[in-house]
Amino acid sequence: MKDESDEKSTKNEGLRESFEEDYGYPLYPERKNPQLYKEYSTLNRRSVTVIEKKIVKCFTHCPELRILREALKDHGCDFSLRRNISVEKCEKKVSGGYDPNTNQIVLCHTNIPPSATCKLLFHEMTHAFDDCRAKVDFTNIEHLACTEIRAAAFADCGIISSLLNNTGFDIRNKHKDCVRKHALRSILTTRNITEEKGRQVIDGVFDKCYSDVTPFDSHKLSDGGYYDEYLRMKNQEESRIPKFRFF
């Protein structure tokens with residue numbers, strides 16, 4: 001009988017064999033050739049350090065990330081900042097990603113400002129949690145669409161995002177519109193499909209995946225309840241922890 005690691009390895013074999021095809025790996029050249037890191041300039045190494053320090057601050061000050069990290073552990077998946085997060089140089093099309101073969105979140109220090117680190121981590125942590133909980137097959141376009149919908153709903157589509165994108169104040173409907181847009185953009189970035197096909201796939205799984213807010217209770221993560229949940233989870237008093245996203 002195969003253990004879980006063997007099953008996961010077999011499941012994502014197509015990703016490894018298709019590195020140069022349409023699964024997004026060419027966007028992360030250090031995934032294939034770690035020696036590229038040795039070619040970093042002093043400036044690049046400094047920018048890596050800046051993002052790494054920001055990562056620690058994000059997990060210290062953002063209850064949503066702490067909740068996701070605890071949820072990963074609850075589902076049997078240990079999560080170490082040193083082991084499971086890698087800061088790398090990427091192609092300009094992407095700011096980060098999740099590698100299911102190594103269970104690593106990739107943050108692209110060349111493409112993201114430090115201020116965006118927490119939001120990006122939240123997005124990619126959702127993928128990591130979904131992979132742990134549901135054993136996502138990232139070669140399956142419907143599985144990919146589902147986790148992208150959830151990540152967009154949690155991390156990308158708040159009130160501030162709506163205002164910046166001129167999507168208006170009708171939060172209930174506009175939130176769904178925003179989620180569809182972000183999920184579609186993510187899929188088209190890493191898959192060689194048409195926009196029409198991407199929309200069809202998202203529409204096919206949207207209602208089910210949008211309504212799945214595990215490990216949270218709703219998409220309204222900044223209503224105050226999650227800060228209280230964080231305190232209960234840790235069972236200790238904490239100084240006030242600022243939130244980085246509003247719904």
Side-chain angles (χ1 to χ4, degrees), residues 2-34 68-69 71-72 75-80 83-88 90-91 93-108 111 120-156 179-195 197-210 212-215:
K2 293 183 178 179
D3 61 23
E4 184 175 311
S5 60
D6 290 337
E7 180 182 349
K8 184 177 180 63
S9 176
T10 300
K11 178 194 69 174
N12 285 316
E13 187 67 32
L15 289 173
R16 282 191 293 274
E17 294 177 349
S18 305
F19 188 98
E20 300 299 340
E21 295 183 9
D22 66 347
Y23 292 110
Y25 280 85
L27 300 173
Y28 309 92
E30 285 187 37
R31 297 281 88 189
K32 185 176 183 180
N33 183 14
L68 274 172
R69 189 177 184 182
L72 280 165
H75 284 78
C77 298
D78 289 332
F79 190 88
S80 164
R83 162 64 182 86
N84 296 101
I85 300 178
S86 179
V87 182
E88 302 178 8
C90 313
E91 295 297 324
K93 291 176 65 176
V94 293
S95 55
Y98 171 69
D99 183 349
N101 290 325
T102 59
N103 294 323
Q104 282 187 315
I105 290 171
V106 181
L107 299 186
C108 305
N111 301 337
L120 182 58
L121 275 172
F122 194 14
H123 182 109
E124 303 304 338
M125 281 285 286
T126 303
H127 295 326
F129 174 74
D130 285 350
D131 195 25
C132 174
R133 177 187 63 147
K135 305 300 183 292
V136 175
D137 179 358
F138 285 87
T139 66
N140 183 316
I141 191 69
E142 292 183 347
H143 285 204
L144 176 65
C146 190
T147 189
E148 290 294 355
I149 288 168
R150 280 172 38 81
F154 290 156
D156 299 323
V179 170
R180 289 178 186 275
K181 184 180 76 171
H182 278 271
L184 178 62
R185 184 170 63 185
S186 295
I187 291 174
L188 294 181
T189 299
T190 58
R191 295 294 185 272
N192 185 24
I193 62 173
T194 65
E195 183 172 331
K197 175 62 177 178
R199 293 185 186 278
Q200 290 176 353
V201 172
I202 289 173
D203 288 343
V205 300
F206 188 85
D207 289 341
K208 177 181 179 180
C209 299
Y210 181 82
D212 179 5
V213 295
T214 309

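On a predicted model such as this, the values are computed, not experimentally measured, just so you know.
- Here the shortest heavy-atom pairing between Ile149 and Val179 reads O-CG1, 3.5 Å.
- The distance from the CZ atom of Arg133 to the OG1 atom of Thr214 is 4.5 Å, given to the nearest 0.5 Å.
- With sequence neighbours excluded, no residue forms a ring-ring contact (aromatic ring centres under 6.0 Å, His included) with Phe79.
- With sequence neighbours excluded, the residues that form a side-chain hydrogen bond (donor to acceptor under 3.5 Å, both in side chains) with Ser86 are Glu88.
- With sequence neighbours excluded, the residues that form a side-chain hydrogen bond (donor to acceptor under 3.5 Å, both in side chains) with Arg180 are Asp203.
- Two residues are said to be in side-chain contact when any heavy atoms from C-beta on lie closer than 4.5 Å; Ile85 and Leu121 meet this criterion.
- Nearest heavy atoms, Ala152 versus His182: CB-CB, 3.8 Å.
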Take Thr190 and Leu144 through the side-chain contact (heavy atoms from CB on, under 4.5 Å) test and state the conclusion after the steps.
-> CA-CA 10 Å; Thr190 58; Leu144 176 65; 4.1 Å; yes

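- Scored by the side-chain hydrogen bond (donor to acceptor under 3.5 Å, both in side chains) test, Glu124 finds no partners at all (sequence neighbours excluded).
- When all heavy atoms of Val94 and Cys90 are compared, the closest pair comes out as CG2-CB, 3.8 Å.
- When all heavy atoms are compared, the tightest approach of Asn111 to Ser95 is CB-CA, 4.2 Å.
- Residues meeting the side-chain hydrogen bond (donor to acceptor under 3.5 Å, both in side chains) test with Thr147, sequence neighbours left out: His127, Asp130.
- No salt bridge links Arg185 with Asp156; every basic N to acidic carboxylate O contact stays at or beyond 4.0 Å.
- Note that OG1 of Thr189 and CG of Leu184 are 9.0 Å apart. Values are rounded to the nearest 0.5 Å.
- Shown here are the side chain to side chain contact (heavy atoms under 4.5 Å, CB included) partners of Lys197, two or more places apart in sequence or in another chain: Ile193, Thr194, Gln200, Val201.
- Residues forming a salt bridge (Lys or Arg N to Asp or Glu O under 4.0 Å) with Glu195 (at least two apart in sequence, or on another chain): Arg199.
- Under the rule for a salt bridge (Lys or Arg N to Asp or Glu O under 4.0 Å), Arg69 has no partner lying at least two apart in sequence or in another chain.
- For the atom pair SG of Cys132 and NE2 of His75, the computed distance is 6.5 Å after rounding to the nearest 0.5 Å.
- Nearest heavy atoms, Ala145 versus Ile202: CB-CG1, 4.3 Å.
- Summarising the geometry of Phe154 relative to Phe122, their closest heavy-atom pair is O-CE2, 3.5 Å, with the distance given to 0.1 Å.
- Separation of atoms CG (Asp131) and CG (Asp137) is listed at 9.5 Å; rounding is to 0.5 Å.
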Worked check of side-chain contact (heavy atoms from CB on, under 4.5 Å) between Asn103 and Tyr98 = CA-CA 7 Å; Asn103 294 323; Tyr98 171 69; 3.1 Å; yes

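- The distance from the CD atom of Glu91 to the SG atom of Cys108 is 9.5 Å, given to the nearest 0.5 Å.
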